[in-house]
Amino acid sequence: MGKRKPPALFYQKVYAVVRQIPAGRVTSYGRVADMIGHPGAARQVGYAMSALKNRADDPEYQDVPWQRVVGHNGNIVIKGGEHGRLYQAELLCEEGVHVGIDLTVDMGKYLWEGLLPHEAHSLLEGLG
DNA sequence: ATGTTGACGGTTG
DNA sequence: TCAACCGCCAACA
């Protein structure tokens with residue numbers, strides 16, 4: 001009884017980095033792309049986040065704090081209508097991240113510094 | 001192999 | 001300031 005096919009390597013790298021974001025902080029899709037060595041692949045990071053909803057029943061991926069990834073200006077850009085965006089705002093609020101009425105996070109205040117290059121390297125080697 | 005799809009981000013008018 | 005456009009590139013049908 002096989003388990004479901006694992007995500008592609010690119011997605012696994014995205015999830016590994018997102019899991020490093022501390023509660024109470026956020027980062028952007030583009031910064032995650034930079035950290036996994038794919039600068040410019042911000043859209044694909046968003047794609048990886050979207051794919052998580054197809055694995056809602058897989059415990060392996062339930063600990064990925066997707067809500068801590070926002071647009072580069074701090075704006076919540078999740079699709080699925082206001083319901084989805086308000087849900088992300090609610091999750092962030094529970095972690096102590098203030099979300100403005102315009103569904104934007106103050107990046108100057110909550111931005112995660114991110115991984116240093118050697119930290120990203122040691123985190124990602126051994127995947128796939 | 002090829003075309004379509006996207007939870008982005010930078011540029012343009 | 002803001003909407004529309006477009007380049008980006010991995011995953012998937």
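Letters A, B, ... are given to chains in the order of the sequence lines, protein chains preceding strands, and every chain is numbered from 1.
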Self-check item: All stems with DNA chain B, defined as three or more consecutive Watson-Crick or G-U pairs under 3.5 Å
Solution: B:2-6 with C:9-13, B:8-13 with C:2-7
Quiz item: Which word best sums up how the rings of A/Tyr87 and A/Trp66 line up, parallel for under 30°, tilted for 30 to 60°, or perpendicular for over 60°?
Solution: tilted
Self-check item: Atom-pair distance (CE on A/Met107; C1' on B/dC8), nearest Å
Solution: 12 Å
Exercise. Please tell me which of the listed nucleotides, B/dA7, B/dC8, C/dC9, lies nearest to the side chain of A/Ala42?
Key: B/dC8
Quiz item: OH of A/Tyr87 versus P of B/dA7: gap in Å, rounded?
Solution: 17 Å
Quiz item: Could you give the CG-to-P distance, from A/Asn75 to C/dT1, as a whole number of Å?
Solution: 14 Å
Quiz prompt | Separation of B/dA7 C1' from A/Gln88 CD (nearest whole Å) | solution = 8 Å
Exercise. Output the residues of residues 10-19 of chain A in contact with DNA chain C, where contact means a heavy atom of the residue under 4.0 Å from an atom of the strand; sort by number or write none.
Key: A/Phe10, A/Tyr11
Exercise. On DNA chain B, check which nucleotide each of A/Gln44 and A/His72 is closest to and give me the residue with the more 5' one.
Key: A/Gln44
Quiz item: For DNA chain C, whose closest nucleotide is more 5', that of A/Arg43 or that of A/Leu9?
Solution: A/Arg43
Quiz item: Just how far, in rounded Å, is P of B/dA7 from CG of A/Leu86?
Solution: 17 Å
Self-check item: DNA chain B: 5'-proximal contact among A/Tyr47 and A/Val70 (nearest heavy atom)
Solution: A/Tyr47
Practice problem: Mind calculating the distance between CG (A/Asp34) and C1' (B/dC8) to the nearest angstrom? | Solution: 12 Å
Self-check item: Length of the line joining A/Trp66:CH2 and B/dG6:P, which is rounded to integer Å
Solution: 18 Å
Practice problem: Can you tell me the distance, in whole Å, between the CG atom of A/Asn73 and the C1' atom of B/dA7? | Solution: 15 Å
Practice problem: Ignoring the backbone of A/Ser28, work out which of B/dA7, C/dA10, B/dG9 is nearest its side chain. | Solution: B/dG9
Exercise. Give a yes-or-no answer on whether the side chains of A/Gln20 and A/Glu119 include a donor-acceptor pair shorter than 3.5 Å.
Key: no
Quiz item: Can you tell me how far CD of A/Gln88 sits from CD1 of A/Ile76, rounded to the nearest 0.5 angstrom?
Solution: 4.5 Å
